[in-house]
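Data first, discussion second: the structure below is written as C-alpha cells.
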Amino acid sequence: MNKVKIAILTISIIIFSLIGIKKLIYIIEVKDLKNKEIILNESIRVLNECFDLENKNKRTPNKSIELIEYCLKEYGYKN
C-alpha cells in the first residue's frame with residue numbers, strides 16, 4: 001500500500017510539473033508576441049508618416065514609387 005501512495009504522489013508531481021512548464025512556456029510566448037506587436041506598430045506609424053499619404057494625389061506615380069523605395073530602405077523592416 002505504501003508503494004501505491006508513493007507511485008500516485010510521483011505521478012501527480014510529474015503531471016503538475018508538466019502543466020506548470022507548459023504554462024510558463026505560454027507566458028514567455030505571450031510576452032514575445034507583445035514585444036513584436038509593439039515593434040510592428042511603431043514601424044507602421046513611422047512608415048505611414050514617411051509615405052505622406054495625405055499628399056499622395058499631388059505626386060506622380062514615379063515619385064510615389066521613389067518615396068516608397070526610400071521609406072522602405074530607410075525605415076523598413078529591421079530585425
Side-chain angles (χ1 to χ4, degrees):
M1 190 67 165
N2 207 10
K3 289 183 181 181
V4 174
K5 287 182 181 179
I6 292 173
I8 292 173
L9 180 65
T10 305
I11 292 172
S12 299
I13 290 172
I14 291 171
I15 290 172
F16 286 124
S17 296
L18 291 175
I19 292 171
I21 290 171
K22 186 176 178 180
K23 292 228 182 240
L24 184 62
I25 290 171
Y26 175 77
I27 290 169
I28 291 171
E29 287 176 350
V30 167
K31 285 182 181 179
D32 187 44
L33 284 176
K34 286 182 182 178
N35 289 340
K36 287 182 180 180
E37 182 182 13
I38 291 169
I39 293 169
L40 182 61
N41 286 338
E42 181 63 19
S43 295
I44 290 170
R45 185 189 63 76
V46 168
L47 287 174
N48 279 337
E49 286 178 9
C50 184
F51 290 154
D52 189 26
L53 296 175
E54 293 175 7
N55 296 319
K56 68 181 178 182
N57 293 332
K58 298 177 183 174
R59 290 190 300 270
T60 64
N62 286 338
K63 288 291 181 188
S64 291
I65 291 172
E66 289 175 9
L67 178 62
I68 290 170
E69 288 173 348
Y70 167 78
C71 291
L72 289 175
K73 199 178 298 178
E74 192 70 25
Y75 304 107
Y77 179 77
K78 297 176 183 170
N79 291 330

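Every heavy atom of this structure was used, including side-chain atoms; hydrogens, water molecules and symmetry mates were not. Being a predicted model, the structure only gives us computed values, none of them experimental.
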- Apply side-chain hydrogen bond (donor to acceptor under 3.5 Å, both in side chains) to Glu66 and list each qualifying residue two or more places apart in sequence or on a separate chain. none
- Query: For residues 14-24, which residue pairs qualify under salt bridge (Lys or Arg N to Asp or Glu O under 4.0 Å), counting only residues two or more places apart or in two chains?
  - Reply: none
- Co-members of the apolar cluster containing Ile65 [side chain, <4.5 Å]: none
- With sequence neighbours left out, what residues match Ile21 under side chain to side chain contact (heavy atoms under 4.5 Å, CB included)? Ile25
- Task: If a pair satisfies disulfide bond (SG atoms under 2.5 Å apart) and one of its residues is in residues 32-63, list it, with sequence neighbours excluded.
- Result: Cys50-Cys71
- Query: With sequence neighbours left out, what residues match Val30 under side chain to side chain contact (heavy atoms under 4.5 Å, CB included)?
  - Reply: Tyr26, Lys34
- Task: Output all residues satisfying side chain to side chain contact (heavy atoms under 4.5 Å, CB included) with Leu40, sequence neighbours left out; order by chain, then residue number.
- Result: Ile44
- Listed by chain and number, what are the side-chain hydrogen bond (donor to acceptor under 3.5 Å, both in side chains) partners of Glu69, not counting sequence neighbours? none
- Task: Output the rest of the hydrophobic cluster of Ile38: all Ile, Leu, Val, Met, Phe, Trp and Tyr residues reachable through side-chain heavy-atom contacts under 4.5 Å, sorted by chain and number.
- Result: none
- Message: Taking disulfide bond (SG atoms under 2.5 Å apart) as the cut-off, I'd like each qualifying pair that reaches into residues 9-46, sequence neighbours left out, listed once.
- Response: none
- Could you tell me which residues satisfy salt bridge (charged side-chain N to carboxylate O under 4.0 Å, His left out) with Lys36, sequence neighbours excluded, listed by chain and number? Asp32
Taking distance alone, no hydrogens or angles, what donor-acceptor pairs closer than 3.5 Å link side-chain atoms of residues 3-20 to residues at least two apart or in another chain?
residue, atom, partner, partner atom, Å
Thr10, OG1, Ile6, O, 2.7
Ser12, OG, Ile8, O, 2.8
Ser17, OG, Ile13, O, 2.8

